[in-house]
Amino acid sequence: MRTHYCGELTAQHIDETVTLFGWVDRRRDHGGVVFIDLRDRMGVVQIVSDPERTPESYPQADKLRNEYVAKITGRVSGREGGAVNPRLKTGDIEIYADSIELLNTVNKQLPFQVSSADAEENVREELRLKYRYLDLRRSRMAQNLQTRHSVVKAVRRFLEDQEGFMEIETPILNKSTPEGARDFIVPSRVNLGEWFALPQSPQLFKQLLMVSGCDRYYQVARCFRDEDLRADRQPEFTQLDMEMSFMSEEEILDLNEALISHVFKEVKGIDLPRPFPRITYKDSMERYGCDRPDTRYGLELVNVSDVLADCGFKVFSGTIKGGGIVKILPIPGGNDVISNVRIKPGGDIFREAAEAGAKGLAYIRVREGGEMDTIGAIQKGLTDEMKAEILKRTDAQPGTLLLFGAADEGTVNKSLDRVRQFVAKEMKLYEEDQLNFLWVTEFPMFEWNEDEKRLEALHHPFTAPNPEDIDDLKTARAVAYDMVLNGTELGGGSLRIYKRDVQEKVFAAIGLSDEEAQEKFGFLLNAFEYGTPPHGGIAFGLDRIVMLMTGSESIRDTIAFPKTQQARCLLTDAPSNVDDAQLEELEVKSTYVPKSEEDEE
RNA sequence: GGGCCUGUAGUUCAAUUGGUUAGAGCACCGCCCUGUCACGGCGGAAGUUGCGGGUUCGAAUCCCGUCAGGCCCGCCA
């Protein structure tokens, strides 16, 4: 039996006889003495074998190669003087191998090097995913899985042991819901011609659990969305899903700050300052142009529409008269860092703005004494009063570069937000290890969907409207909140509607007829008739949290077996064809025609 | 659906910008070496340059198509 993990041995174990199981991370053969770095999921320890001190094990030690699997029994021995390896956690000790049992060999050339000594080498992700079992042996990925586990463990300890939450599983086979992302659908053999959908979130079930009196529910919940993939989006992902009854918004935010603080303390040893700062959605859009601002740096946007409404520069005044706005992104020190070439068409900063829909980027360079250096048309079009007001509002100092966005509000916000993030990254305005948490609150209930010419729930249609705004639902604020870390949304939630009449009004606002509402959500409306408690909740993206905590660039590096951007599993080659017999039994037939055959017809 | 990037030995990268036999580190195989820890030394094997077509006296390099992977837009309540 194994007595210890390789990576956990220390000087405390000196003179103990231990039995280890692991993989050969590296082998150094000196012709008489052989050193083997044996690795398991806890780390690496050095094994020593030579013909004089360990004659029994030496012939076996000679046969070991990279990634062979071995059982090793031996005595823990302290290292002395220069033999100590301070770079290794187990570097104070080594094991003299009394016996080495070779349990399995590697029979093919390894597709890439697994050893932690080669960790800095960037192996193609395609290969890593095909041989994921080898990739997960590598130290970085093994640590990511460990961190993920530690986060979940900390969440469970906090919610269950300190706060009385209960984990309850909700169904994977569900009724398909309209609104939101595309569903993955599953045919029912028992009910031919009918379909299940995989859950996009356990939203309705967790609300029904509140009706059931479960009071404080959580779940480590797998969710499915059949949409295109990104670095931070997989078709199946994991949410830390919570719902609680009889709690105010304030109490829910406080509990969740405590939860996240607990996780960072347990997993990273970091004490987060509390309470987390808050900003309303409205303020966030005004000051940052987005609803999940990165607050590690300033660069706040300044609205100058009222100042420039009547200015002589037609691009500004015309835009404002046409219902648009003009905002400034002031960049202190930007004059020295950002050349005109980069702001004009063809430049990298222009491109950032243009990709968000901006047609151009007007600019003013603030010089000594508040002199403004800019193109003639702006110079002439602005009065001295306007210039003074701009300097005042932007608090611009000599050296500050003012970038202007002039368009409809959405385009201005989107483009200046992009430029703001781009510039901050390039000017290194923040430290990589900074952690700026933020609550964004008071999201609007709805936004206008131009394509479908109707209101759409911004969060989801079960979100409670702010009681102050109940008279005009269409423009109402919701009691909804997002937790943001360094510009990434970690999670979001809301108080929920728990009265039938309010829920019906919200369905009506998004254009659901009574019949549709009844067909899709009748069970929920019905439940509201039987004593539903006031309740609310939140859901965190576990993959994203782990991504940020491990410094990963993609959530794929936090998931054991992720899909590629084409939504394929390179390891198992899913998805794949199924037998005709399987389809016949389900009375399902594919109408898909491969592209090549289409052309032939 | 769209834009951009990548694909060369098992692997990570080169290849003087279209010019001789496509090179190097690590891995692999063999020999040597008793204190290394990215051990060292000597030698060896290893390539349909993703695939298909084209331009050219000549293509890893240029063009077209295609496949795979990645980043982004759309999409993701």
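Order of the sequence lines sets the chain letters (A, B, ...), proteins ahead of strands, with each chain counted from 1. It should be emphasised that the depicted structure is a prediction, and the values quoted were computed from it without experimental measurement.
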Sugar-phosphate, base or nothing in reach of A/Q566, heavy atoms under 4.0 Å: sugar-phosphate
Nucleotide nearest A/F112 when distance is taken to its side chain, options B/rC39, B/rU11, B/rC72: B/rU11
Salt bridge (Lys or Arg N to Asp or Glu O under 4.0 Å), paired with A/D25, selected from A/R137, A/R65, A/R39, A/R138: A/R39
Neighbour count >12 (heavy atoms, 6.0 Å) for atom CZ, A/R132: yes
Nearest-neighbour nucleotide for the A/N85 side chain, B/rC71, B/rC75, B/rC37 considered: B/rC37
Sugar-phosphate, base or nothing in reach of A/E125, heavy atoms under 4.0 Å: sugar-phosphate
Touch class at under 4.0 angstrom, heavy-atom based, for A/E126 against every strand present: sugar-phosphate
Whole angstrom value for the distance that separates P of B/rC71 from CG of A/D348: 22 Å
Phosphate OP1/OP2 of B/rA38: any A/R87 side-chain N/O under 4.0 Å: yes
Rounded distance in Å - CG (A/D135) to C1' (B/rU12): 15 Å
Between B/rA27 and B/rA9 - C1' atom distance, rounded Å: 11 Å
Minimum-distance nucleotide to A/Q113 side chain [options: B/rC26, B/rC76, B/rU36]: B/rC26
Nearest-neighbour nucleotide for the A/S554 side chain, B/rC33, B/rC71, B/rC75 considered: B/rC71
Whole-Å distance separating the CG atom of A/L127 from the C1' atom of B/rU6: 14 Å
Nucleotide B/rC32, atom P - distance to NE2 of A/H30 in whole Å: 16 Å
Residue-phosphate contact under 4.0 Å: A/R65 side-chain N/O, B/rA27 OP1/OP2: no
Distance test, side-chain N/O of A/Q200 to OP1/OP2 of B/rC76, below 4.0 Å: no
Sugar-phosphate only, base, or nothing, as touched by A/R53 at under 4.0 Å among non-hydrogen atoms: base
A/F540 side chain reached by A/D241 side chain, heavy atoms, under 4.5 Å: no
Nucleotide nearest A/E52 (side chain, heavy atoms from C-beta), chosen from B/rC76, B/rU34, B/rG69: B/rU34
Sugar-phosphate, base or nothing in reach of A/Y96, heavy atoms under 4.0 Å: base
Sugar-phosphate, base or nothing in reach of A/E489, heavy atoms under 4.0 Å: nothing
Nucleotide B/rU11, atom P - distance to CD of A/Q109 in whole Å: 9 Å
side-chain N/O A/R28 vs B/rC39 OP1/OP2, d < 4.0 Å: yes
Any A/N66 side-chain N or O less than 4.0 Å from OP1/OP2 of B/rC28: yes
Options B/rC37, B/rG69, B/rC75, nucleotide nearest the side-chain atoms of A/Q46: B/rC37
Candidates B/rC33, B/rA27, B/rC75 - which lies nearest the side chain of A/D29: B/rC33
A/I36 CD1 - B/rU34 P separation (whole Å): 17 Å
Touch class at under 4.0 angstrom, heavy-atom based, for A/G82 against every strand present: base
Rounded interatomic separation in angstrom, taking CG from A/D228 and P from B/rC71: 13 Å
Between P of B/rC75 and CG of A/D183, the distance in whole Å: 18 Å
Rounded distance in Å between the P positions of B/rU8 and B/rC51: 10 Å
Touch class at under 4.0 angstrom, heavy-atom based, for A/L129 against every strand present: nothing
Closest nucleotide among B/rU12, B/rU36, B/rG70 to the A/R124 side chain: B/rU12
Contact check, side chains of A/V18 and A/T73, non-hydrogen atoms, under 4.5 Å: no
Nearest-angstrom distance, P atom, B/rC4 to B/rU12: 26 Å
Touch class at under 4.0 angstrom, heavy-atom based, for A/L458 against every strand present: sugar-phosphate
Short side-chain N/O contact to B/rG74 OP1/OP2 from A/K414, under 4.0 Å: yes
Ion pair A/E442/A/K282, N-O distance below 4.0 Å: no
OP1 or OP2 of B/rC73 under 4.0 Å from side-chain N/O of A/R230: yes
Nearest-angstrom distance, P atom, B/rG3 to B/rG74: 15 Å
Sugar-phosphate, base or nothing in reach of A/A231, heavy atoms under 4.0 Å: sugar-phosphate
